[in-house]
Amino acid sequence: MTVKLKEDTSSDEEDAPLSAAFQRNKRKIEDSDEENGSSKIKDEDIESADSDAALSKVANSRKTVKKAKKTMQKSDGGSSSVKAKKPRAKKATPPAKTTKSPKKIPKREHSVEQQNADPEDSIKETSESADEFKWWEKENDDETVKWTTLKHNGVIFPPTYEPLPSHVRLYYAGKPVDLPPQAEEVVGFFAALLESDHAKNPVFQKNFFEDFLEVLKESGGTRNGVEIKEFELCDFSKIFDYYQLQKEQKKQLSSQEKKKLKEEKEELEEPYKYCFLDERKEQVGNFRIEPPGLFRGRGAHPKTGKLKRRVYPEDVVLNLDKDAEIPKAPEGHNWGEIRHDNTVQWLAMWRENISNSFKYVRFAANSSLKGMSDFKKFEKARQLKDYIEAVRRDYTKNLKSKVMLERQIAVACYFIDVFALRAGGEKADDEADTVGCCSLRYEHVTLKPPTTVIFDFLGKDSIRFYQEVEVEKQVFKNLTLFKKPPKKPGHDLFDRLDPSLLNKHLQNYMPGLTAKVFRTYNASKTMQDQLDLIPNEGTVAEKLLKYNAANRTVAILCNHQRTVTKGHAASVEKATARIEEMEWQKVRLKKSIMQLDKSEVKKNPKYFAEVNDLVKEQEAAIHKRVIEKEREKFVKKFARDNEKRKFDNEEPLPESQLQEWMQKVDETEKAYAEELKTGKVQITNSDVEKLKSQVEKLEQRIENYTTQLKDKEDNSQVSLGTSKINYIDPRLSVVFCKKYGVPLEKVFTKSLRDKFKWAVESADENWRF
DNA sequence: GGAGAAACTTAGTACTCGAGAC
DNA sequence: GTCTCGAGTACTAAGTTTCTCC
């Protein structure tokens, strides 16, 4: 364990206390600045932050130069990224052995027939099951070695493409096109998305069309001589309709047929679902190779719509122990490589063609290795409790540092700590333009004196981060400084800073401390504080509502959003109408009581006060709505009953039946009109006590509905799941449930209970974050 | 020393399926 | 029994961090 912070005794005018490592980092930057002849401002040039004109020269920053260099390299065609690297050998572990060297992914045109995994080939069961293995009760001395033995059956490949029936075609300028299957498959990917927002996105259309033309060319062009040149002349609707029909037919299958299909699927997948990790049977997470399709990048991703090519066994690297039986590759194919690297947590990997990065097949969330990582993550965040004061004291002090880099680090730390910003690594030009703390640019931060800051930028997944906040006076001053001309839109706010520098600085306080840890720490700390405020009283539903409110506070802190679902507005409207109707029913019941026994009003006038709240127009509108619903209900019933009769070979109901029902509705309508006119209701029950009990029940239902509606509206744009799964220490939820008598399944789904088994079994009522 | 590969976590959306309303 | 809606899960994109190699 490390860390030490120098005594904070220096004045604001002195160079702030820095660790040796930090001083080294600082020097590095200066040297590199001199070498590349870019920003000539040395940090030490800054004497007084508010007055020094040198500070304004930072616009032509180190980072900007770095970026320019990168762009130049790119345009030189210096694409080293295509070449695969050797597996990374970690410290204190023998170099990973491979049976073949990594190689570039070959382009191919045919798909793979899935190997039929013979149950005989399946890994054999051994004694200990993952359920019995309580890793959290054991010591783990070597963190680099992840496993000793690892056996598995490989991966499942997506099914081969089945060409469309001959009557289903792409039409070009009104003419049917006969496409080779490879090109038809790509067209099918687009057609399937025809009614989605993706298909309306011009970038998506352009990328798809370019890749489609390339595949078409590779596969020999159209077979009936139609020359495809313009996207606008393509008509995908016939293919779209065909897919819709297929979907519909699938839906229409009988439950037995559906069950059979499900069983077949499960039987095929069974051997791949589990692996043997150190002789224990554990679940594999994503054992299916991603199917080909069109890349659906989020936000304004320049590559959205590009073709994600089919992955073949030759592209796949398997990782297992040296003595493990190597799974058979699908017929006619070989695995790309077999590796025996016990320092990593993946079972298989392949390189994808969109950003040339790797995709991995990993253990499931409930596996011991994933559990251990989670546990370590939360323990690290808890450890930050002991250092947070020092971190905060230092960044507050360094806000006034004479050294530019220190000031930038101080403000960045403040942002990360207070507003839970992500680190914000550099992004390439061929990715969506999203930012985090270190990559914030001039235009993302607006300053409103005296101390208001408006953040407006796109963060991870192109989710908008918009917040108008109050900051410390000195933070505001520094931001003004960081934005001083010649800096302008497009320039980095923290021109001296990147995540690796920031993290190096943080590691001077605590080993393993990085920007990310602050999010976990602040999320869990907030949850603990919120839960502490909940009184241990009321029903389970009430306690749960408060738990969710606490969860929501954390989700808002972390800016976890979700798009409002399509039917949200309609469903809110429906629920509001329903509450209104229940209120109206309640008023009618109370009016009945008043009519039956006038003395009731004298006894408790407050109880009847709301009777006059409902204005006539409102009441008339409710009457209209209720009657319409009634009519609709009978029309539907009539149609449904007849459908059934037809199926059972019975005579259909006569039209007069429907008329009879409608007549009843007409009578109710008349009665309501009379009520509206006279203000008196038709009494259906003359027992006052029974009426009162009905009012009580209705009040309870109204309350429940109103709470649900509020929860629904509050959660419409906030996603609670992400913080629950990734940021809130699960032991907090376990303790809450134990202490408050809330069943754990109300808070954690089955898969979360499995994922957090270590927390469920290790936290007692007194545990605190 | 830094670029970028590699490995891992975090994230929103799409899809499925079952409970409850009607 | 049917339909609707939402919870739960699967999927995979998009981050962060660590580490290797030139």
Side-chain angles (χ1 to χ4, degrees), chain A residues 25 28-29 31-32 35 66 69-70 73 78-81 83-91 102 146 196-197 247 251 258 262 285-288 290-291 293 295-299 301 303-304 308 341 343-346 349 351-352 354-360 362 364-365 369-370 373-374 377 422-428 431-432 434-436 438 459-463 498-500 502-504 507 512 514-517 519-520 558-563 565 567-568 570-571 574-575 578 629 632-633 636-637 640-641 643-644 708 712 715 719 721-723 725-727 748-752:
Chain A
N25 292 335
K28 272 184 206 166
I29 291 167
D31 295 344
S32 82
E35 255 174 51
K66 226 161 82 181
K69 271 188 185 173
K70 208 171 165 184
Q73 280 169 355
S79 154
S80 59
S81 56
K83 130 184 110 166
K85 273 184 44 165
K86 277 184 219 158
R88 105 184 172 201
K90 294 200 179 163
K91 54 189 171 186
K146 304 284 167 53
S196 72
D197 290 341
K247 259 191 203 171
K251 257 193 209 168
K258 280 181 191 164
K262 201 180 164 190
N286 52 329
F287 48 86
R288 292 177 203 91
E290 289 177 21
F295 173 67
R296 301 182 202 184
R298 298 186 184 142
H301 199 297
K303 290 189 173 176
T304 192
K308 253 177 70 167
D341 185 355
T343 67
V344 293
Q345 301 190 30
W346 52 265
M349 72 164 189
R351 197 187 276 278
E352 52 90 36
I354 300 293
S355 55
N356 205 33
S357 60
F358 289 115
K359 298 271 189 171
Y360 298 89
R362 297 174 186 283
L369 281 174
K370 287 272 188 190
S373 306
D374 254 4
K377 174 183 77 182
R422 295 187 185 85
E426 208 178 332
K427 301 282 298 276
E431 292 173 281
T434 60
V435 298
C438 294
K460 183 176 177 179
D461 293 307
S462 294
I463 296 293
D498 63 32
S500 87
L502 184 70
N503 287 340
K504 268 182 197 157
Q507 270 150 30
T514 61
K516 190 163 92 72
V517 181
R519 270 168 82 82
T520 316
C558 297
N559 199 39
H560 291 146
Q561 298 185 25
R562 59 174 186 164
T563 47
T565 53
H568 177 74
S571 92
K574 207 172 154 187
R578 185 137 179 75
K629 266 204 250 175
E632 261 173 47
K633 194 176 89 184
K636 270 190 190 168
K637 182 179 162 51
R640 210 174 42 229
D641 286 359
E643 191 99 336
K644 192 170 176 289
Q708 277 173 19
K712 190 183 206 158
N715 288 340
S719 161
T722 309
S723 49
I725 295 167
N726 301 299
Y727 288 106
F748 285 161
T749 61
K750 171 80 173 71
S751 42
L752 279 189

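Residue numbers start from 1 in every chain, and the chains themselves are labelled A, B, ... in the order their sequence lines are given, proteins ahead of strands.
Taking atom CG of Leu752(A) as the reference point, atom P of dT9(C) lies 7 Å away to the nearest angstrom. Look at CH2 on Trp346(A): it is 16 Å from P on dA5(B), rounded to the nearest Å. The NE2 atom of His301(A) sits 9 Å away from the P atom of dA13(C) (whole-angstrom rounding). Residue Asp498(A) contributes atom CG, which lies 12 Å from atom C1' of dG1(B) at whole-angstrom precision. In this structure, Lys251(A) atom NZ and dC3(C) atom P are separated by 11 Å, rounded to whole Å. One atom, NZ of Lys359(A), and another, P of dA6(B), lie 15 Å apart when rounded to the nearest Å. For Asp341(A) and dC8(B), the CG to C1' distance is 14 Å, given to the nearest whole Å. When the P atom of dT12(C) is taken as reference, atom NZ of Lys303(A) falls 18 Å away, rounded to whole Å.
Judged purely by atom type and a 3.5 angstrom limit, Lys377(A) uses its side chain to pair as donor or acceptor with the backbone of Asn726(A). Side chain of Asn356(A) to main chain of Arg351(A): no donor-acceptor pair is present (N/O by atom type, distance under 3.5 Å, no hydrogens or angles). Side-chain N or O atoms of Asp498(A) include one that pairs as donor or acceptor with a backbone N or O of Ser500(A) at under 3.5 Å.
Across all strands shown, Gly424(A) has heavy atoms under 4.0 Å from sugar-phosphate atoms exclusively, and none from any base. Nucleic acid contact for Lys308(A): sugar-phosphate only, since backbone atoms but no base atoms lie under 4.0 Å from a heavy atom of the residue. Gly297(A) comes within 4.0 angstrom of the backbone, heavy atoms only, and of no base. Note on Thr434(A): only backbone sugar-phosphate atoms sit closer than 4.0 angstrom, heavy atoms only; bases stay farther off.
Listed by chain and residue number, Ser751(A), Leu752(A) satisfy the side chain to side chain contact (heavy atoms under 4.5 Å, CB included) test with Thr749(A) (two or more places apart in sequence, or in another chain). Residues meeting the salt bridge (Lys or Arg N to Asp or Glu O under 4.0 Å) test with Lys258(A), sequence neighbours left out: none. Taking Ser355(A) as the reference, Glu352(A), Ser357(A) meet the side-chain hydrogen bond (donor to acceptor under 3.5 Å, both in side chains) condition, with sequence neighbours excluded. Legend: residues meeting side chain to side chain contact (heavy atoms under 4.5 Å, CB included) with Lys247(A), ordered by chain and number and at least two apart, are Gln244(A). By the salt bridge (Lys or Arg N to Asp or Glu O under 4.0 Å) test, Glu290(A) is found to be paired with Lys308(A), Lys359(A), residues two or more places apart in sequence or in another chain being considered.
A close approach under 4.0 Å does not occur between any side-chain nitrogen or oxygen of Asn286(A) and OP1 or OP2 of dC11(C). Proximity of Ser355(A) to the phosphate of dA13(C): no side-chain N or O atom is located under 4.0 Å from OP1 or OP2. Ser751(A) has a side-chain polar atom (N or O) that falls below the 4.0 Å cut-off from OP1 or OP2 of dT9(C). Applying the 4.0 Å criterion to OP1 and OP2 of dA7(C), one finds that Thr749(A) has every side-chain N and O outside that range. Contact annotation: Lys750(A) side-chain N/O to dA7(C) OP1/OP2 distance is not under 4.0 Å. At the phosphate of dG15(C), OP1 or OP2 sits under 4.0 Å from a side-chain N or O atom of Lys427(A).
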Base versus backbone protein contacts along nucleotides 9-16 of chain B [heavy-atom cut-off under 4.0 Å; B, S, -]: BBSBS---

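Nearest-nucleotide positions on DNA chain C for Gly299(A) and Asn503(A) put Gly299(A) closer to the 5' end. Place Gly285(A) and Ala432(A) on DNA chain C by their nearest nucleotides, and Gly285(A) ends up nearer the 5' end.
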